[in-house]
2 protein chains.
Amino acid sequence: MQESIVEIAKAASILKLLGDKTRLTMVKMLDTNDCCVCEFVEIFKTSQPAISQHIRKLKDAGVVKETRRGQWIIYSLNKSSECYPLVQNILKHLPNQDFKLQELEKQGLRISCE
Amino acid sequence: MQESIVEIAKAASILKLLGDKTRLTMVKMLDTNDCCVCEFVEIFKTSQPAISQHIRKLKDAGVVKETRRGQWIIYSLNKSSECYPLVQNILKHLPNQDFKLQELEKQGLRISCE
DNA sequence: TCAACATATAATCATTTGCTTATATAATAC
DNA sequence: GTATTATATAAGCAAATGATTATATGTTGA
């Protein structure tokens, strides 16, 4: 998990992706919980297209993958990505973000996607 | 070295900085050798101001530090930075870039800064 | 089939980014 | 001091980025 070498240009593109507060937080959240778009929309208090566009970039880079579950699309970390070890190592340095989902739960807003 | 927690916003700003091929390569190079601006200018085949501006961003974020040596300014990784552990962990995933300095040496262009 | 919901895509726009050229600052060597 | 060298800063500009609004697509359930 620790020692995987990623080409410089590829690594730079991954770091650039993660170099956005919204995307970085999303990925950290996905490290412990799969999430759907509607949850992110609630949590980041931004528009649904904005979230969709962030997710698309992460998906295009292979960082996340999607699974359709009925009308919802559930996103999760793509553990078989070439850059997953790099991403993991970065996430280790970030504070846990589970409280965000817990807050959603308190407001009863998380039930929708189950 | 491994487990240091960095605030999400701070981490995102560091990742954004490293999310540029030129800066990422520079930092990887500095991991094994201190360098001066003129070396980077040769290596990246770009203008001196462009290099200066990249270095300034890295310096402002505390990623690198400078030491003046006569008319040269030698840059090195700032190992006492709060985000040094994060940076180190990222660099581990990158291919060694020493060949770049070796090529410079072959051309005799590295002597200038010694 | 159609209304409602979840998500994606397109078009647009203001902001940020990274480069260039021109110029300033600082140290060295004569 | 003055020329030379190394580096920094400023101004300007084209390209990339991230948001918004409007619209399209796809799924569910009556």
Side-chain angles (χ1 to χ4, degrees), chain A residues 8-9 12-27 29-30 34-61 63-76 104 108-114, chain B residues 8-9 12-27 29-30 34-61 63-76 104 108-114:
Chain A
I8 287 251
S13 73
I14 297 295
L15 297 175
K16 180 188 254 177
L17 270 183
L18 299 184
D20 173 276
K21 198 185 165 187
T22 301
R23 287 192 296 264
L24 186 59
T25 307
M26 282 172 135
V27 171
M29 288 174 62
L30 290 176
D34 296 352
C35 293
C36 70
V37 172
C38 59
E39 291 172 317
F40 287 136
V41 171
E42 283 300 327
I43 284 170
F44 293 106
K45 289 181 178 67
T46 182
S47 69
Q48 174 267 317
I51 296 296
S52 251
Q53 284 157 23
H54 281 305
I55 286 186
R56 183 131 132 77
K57 289 181 184 183
L58 292 171
K59 202 180 58 176
D60 287 350
V63 174
V64 307
K65 62 184 208 284
E66 63 179 35
T67 314
R68 185 172 275 278
R69 180 146 69 197
Q71 89 196 278
W72 295 281
I73 299 179
I74 311 293
Y75 287 93
S76 53
L104 263 201
L109 290 168
R110 206 178 170 218
I111 320 159
S112 52
C113 314
E114 309 259 314
Chain B
I8 288 250
S13 72
I14 296 296
L15 297 174
K16 180 187 254 177
L17 269 184
L18 299 184
D20 173 276
K21 198 184 165 186
T22 302
R23 285 191 298 262
L24 185 59
T25 307
M26 283 172 136
V27 171
M29 289 174 61
L30 291 177
D34 296 352
C35 294
C36 69
V37 172
C38 59
E39 291 171 317
F40 288 136
V41 171
E42 282 301 328
I43 285 171
F44 293 105
K45 290 181 175 67
T46 182
S47 70
Q48 173 268 316
I51 295 296
S52 251
Q53 284 157 23
H54 281 305
I55 286 187
R56 182 131 133 77
K57 289 180 184 184
L58 292 171
K59 203 179 58 174
D60 286 351
V63 174
V64 307
K65 62 182 207 284
E66 64 179 34
T67 314
R68 184 173 275 277
R69 181 148 64 198
Q71 92 196 276
W72 295 281
I73 298 179
I74 310 293
Y75 286 92
S76 53
L104 263 201
L109 290 168
R110 210 186 166 212
I111 321 157
S112 52
C113 314
E114 310 260 312

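Since the model is a prediction, treat every value here as computed from it, not as a measurement. Within every chain, numbering begins at 1; the chains are lettered A, B, ... in the order of the sequence lines, protein sequences first and strands thereafter.
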Next on the checklist: Distance check needed: D:dT20 P versus A:Phe44 CZ, whole Å only.
Outcome noted: 14 Å

Item to check | Partner set under salt bridge (charged side-chain N to carboxylate O under 4.0 Å, His left out) for B:Lys57, not counting sequence neighbours | outcome: none

Next on the checklist: Between B:His54 and C:dT17, is there a contact of a side-chain N or O with OP1 or OP2 at under 4.0 Å?
Outcome noted: no

Checklist entry - For B:Ile74 and C:dA27, what is the distance between atoms CD1 and P respectively, to the nearest whole Å? => result 14 Å

Checklist entry - Rounded to the nearest Å, what distance is computed from the CZ atom of residue B:Arg69 to the C1' atom of nucleotide D:dT7? => result 16 Å

Checklist entry - Taking the side chain as C-beta and beyond, is there a heavy-atom pair between A:Val37 and A:Ile73 under 4.5 Å? => result no

Next on the checklist: On the nucleotide D:dT20, are OP1 or OP2 found under 4.0 Å from the side-chain N or O atoms that A:Ser47 carries?
Outcome noted: yes

Checklist entry - Looking only at side-chain N and O atoms, does A:Thr46 come under 4.0 Å of OP1 or OP2 in D:dG18? => result no

Checklist entry - Do B:Cys36 and B:Glu39 come within less than 4.5 Å of each other through their side chains, counting heavy atoms only? => result yes

Checklist entry - Do A:Leu18 and A:Val27 have side chains that get closer than 4.5 Å, going by heavy atoms? => result yes

Checklist entry - Rounded to whole angstrom units, what separation is found between the CH2 atom of A:Trp72 and the P atom of C:dA4? => result 17 Å

Item to check | Where protein sits on nucleotides 8-16 of chain D, one letter per nucleotide: B base, S sugar-phosphate only, - none, heavy atoms under 4.0 Å | outcome: BBB------

Next on the checklist: Using side-chain heavy atoms (C-beta onward) and a distance below 4.5 Å, is B:Leu58 in contact with B:Tyr75?
Outcome noted: no

Next on the checklist: Any side-chain N or O of B:Lys57 below 4.0 angstrom from OP1/OP2 of C:dT17?
Outcome noted: no

Next on the checklist: Taking the side chain as everything from C-beta on, heavy atoms only, tell me whether A:Ile51 gets closer than 4.5 Å to A:Met26.
Outcome noted: yes

Checklist entry - Once you round it to whole Å, what is the distance between C1' of C:dA6 and CD of A:Gln71? => result 6 Å

Checklist outcome for this item: In whole angstroms, the gap separating C1' of C:dT15 from CG of A:Asp20 amounts to 14 Å

